[in-house]
Amino acid sequence: MVKNCYSFDIGEFECLAVSDGIFNYQNLAELLFPDVSKDELDRICKEHDIRLEKCNNWLSDYICLVINTGDELILIDTGAGKDDISSPETGLLLDNLETEGFLPSDFDRVIISHVHPDHIGGVTSKDNRLVFTDSEFILWKDEWDFWTSGRVEDELKGYFKHELIECARNNLPPIKHRVNLIDQEMEIVPGLKIFEAKGHTPGQIAISVSTNDDELIYFSDSFIHPIHIERPDWYTAIDLNPEQAVKTRCNILNQASTGETLLFGFHFPFPGLGYLKKKENRFFWRSI
Ligand SMILES: [Zn+2]
């Protein structure tokens, strides 16, 4: 049976990784490793049991995270939702939450890591109604400003450009009066800190959770594929500022370098959890 939820604890916080489904991207090499030579990519892909000559598809999990701190129920990212842009295999977050006994109105806060359709598409329903009716939303201010300004038309590159802009236009205005825009690293509740992880987008954030000597980092799309852990210098075609994205990846690897910090990847194989393993100055992904 396919597992859609995975529960675990970080110190005194109860956490739940919840699947929003799986999306089939048709162009793994061009999307995730646009500037890597064919030989080099073939070599590393073989190590990961990916046969590029046979299949250039990338089946990506979408995984959101629920954290119950005891005082607050927090959701990180909302999945793709059910609009015209999304696929029938994604947008399953609400069904999977319901199976675990959660209603959208139960959440005190919804943290949006960045404004891409797979992360904010679930903010509204197909008929444009706000899904999380009782939540405060948290976003980085630069991210909000970028997607609500004219800059987005000029600065966004080709990949999914139209879909990205459309999704932001559908999902940001409905939360305008309940969004808390953060512009500096801060602990929003004791043990849960938000920090800047820009590059993939102008104001992507990562979330670090630290309680009772347990630590977790939700790195969002700072790393999209486990190969990026090994090669943080390989940027994706959807990293808006590749140089900055590389800096962010190195910063997160640095923070988790002891190998004791649990890492959570939205696009990584379910449940998206793993640790860093270091070998000869390179990091590798060790899934739990
Ligand atoms: Zn994403």
Side-chain angles (χ1 to χ4, degrees), residues 17-28 30-34 57-65 75-83 85-87 89-93 96 110-124 137-140 142-144 146-147 152 156-168 170-172 194 196-207 217-229 232 234-242 244-246 248-249 252 263-274 285:
V18 186
S19 172
D20 184 55
I22 295 178
F23 194 92
N24 184 359
Y25 293 88
Q26 313 270 326
N27 43 3
L28 178 138
E30 298 82 355
L31 195 59
L32 298 188
F33 311 105
N57 285 17
W58 166 46
L59 287 174
S60 168
D61 274 282
Y62 288 180
I63 315 165
C64 305
L65 178 60
L75 174 67
I76 307 179
D77 286 334
T78 66
K82 284 285 176 205
D83 57 27
I85 312 167
S86 58
S87 111
E89 283 80 40
T90 57
L92 309 177
L93 173 71
N96 289 333
V110 176
I111 300 171
I112 305 288
S113 69
H114 64 292
V115 179
H116 275 171
D118 44 337
H119 302 259
I120 60 157
V123 165
T124 56
F137 288 80
I138 293 177
L139 266 108
W140 198 258
D142 288 347
E143 185 75 356
W144 178 273
F146 176 75
W147 291 96
V152 68
L156 219 54
K157 291 183 272 185
Y159 261 107
F160 308 120
K161 178 170 177 168
H162 172 75
E163 291 87 343
L164 299 186
I165 293 176
E166 164 121 1
C167 188
N170 289 340
N171 289 288
L172 292 182
I194 284 177
E196 199 174 21
K198 64 186 177 184
H200 181 63
T201 61
Q204 178 177 252
I205 48 177
I207 296 101
I217 294 177
Y218 181 102
F219 54 66
S220 192
D221 288 9
S222 305
F223 300 88
I224 294 190
H225 192 282
I227 288 177
H228 292 123
I229 300 268
W234 288 358
Y235 52 86
T236 75
I238 32 172
D239 287 339
L240 195 61
N241 182 334
Q244 186 57 54
V246 170
T248 287
R249 280 195 274 284
I252 289 168
L263 295 171
F264 186 103
F266 180 93
H267 289 279
F268 278 34
F270 189 83
L273 291 161
W285 177 250

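Remember, predicted model here, so these are calculated numbers, not experimental data. When a ligand or atom number is given, it counts from 1 through the structure's own listing order.
Separating the CG atom in D239 from the CG atom in L32 is a distance of 9.5 Å, to the nearest 0.5 Å.
Put simply, the residue from D221, D77, T201 that forms a side-chain hydrogen bond (donor to acceptor under 3.5 Å, both in side chains) with S113 is D77.
Taking backbone and side chain together, H267 holds an N, O or S atom under 2.8 Å from the Zn ion (ligand 1). Among the atoms of H114, no N, O or S atom is found under 2.8 Å from the Zn ion (ligand 1).
Its N, O or S atom nearest to the Zn ion (ligand 1) is what matters here, and for D118 that atom is OD2. Of all the N, O or S atoms in D221, the one closest to the Zn ion (ligand 1) is OD2.
You'll find the ring centres of F264 and F219 outside the 6.0 Å limit. Aromatic ring centres of H228 and F33 lie closer together than 6.0 Å.
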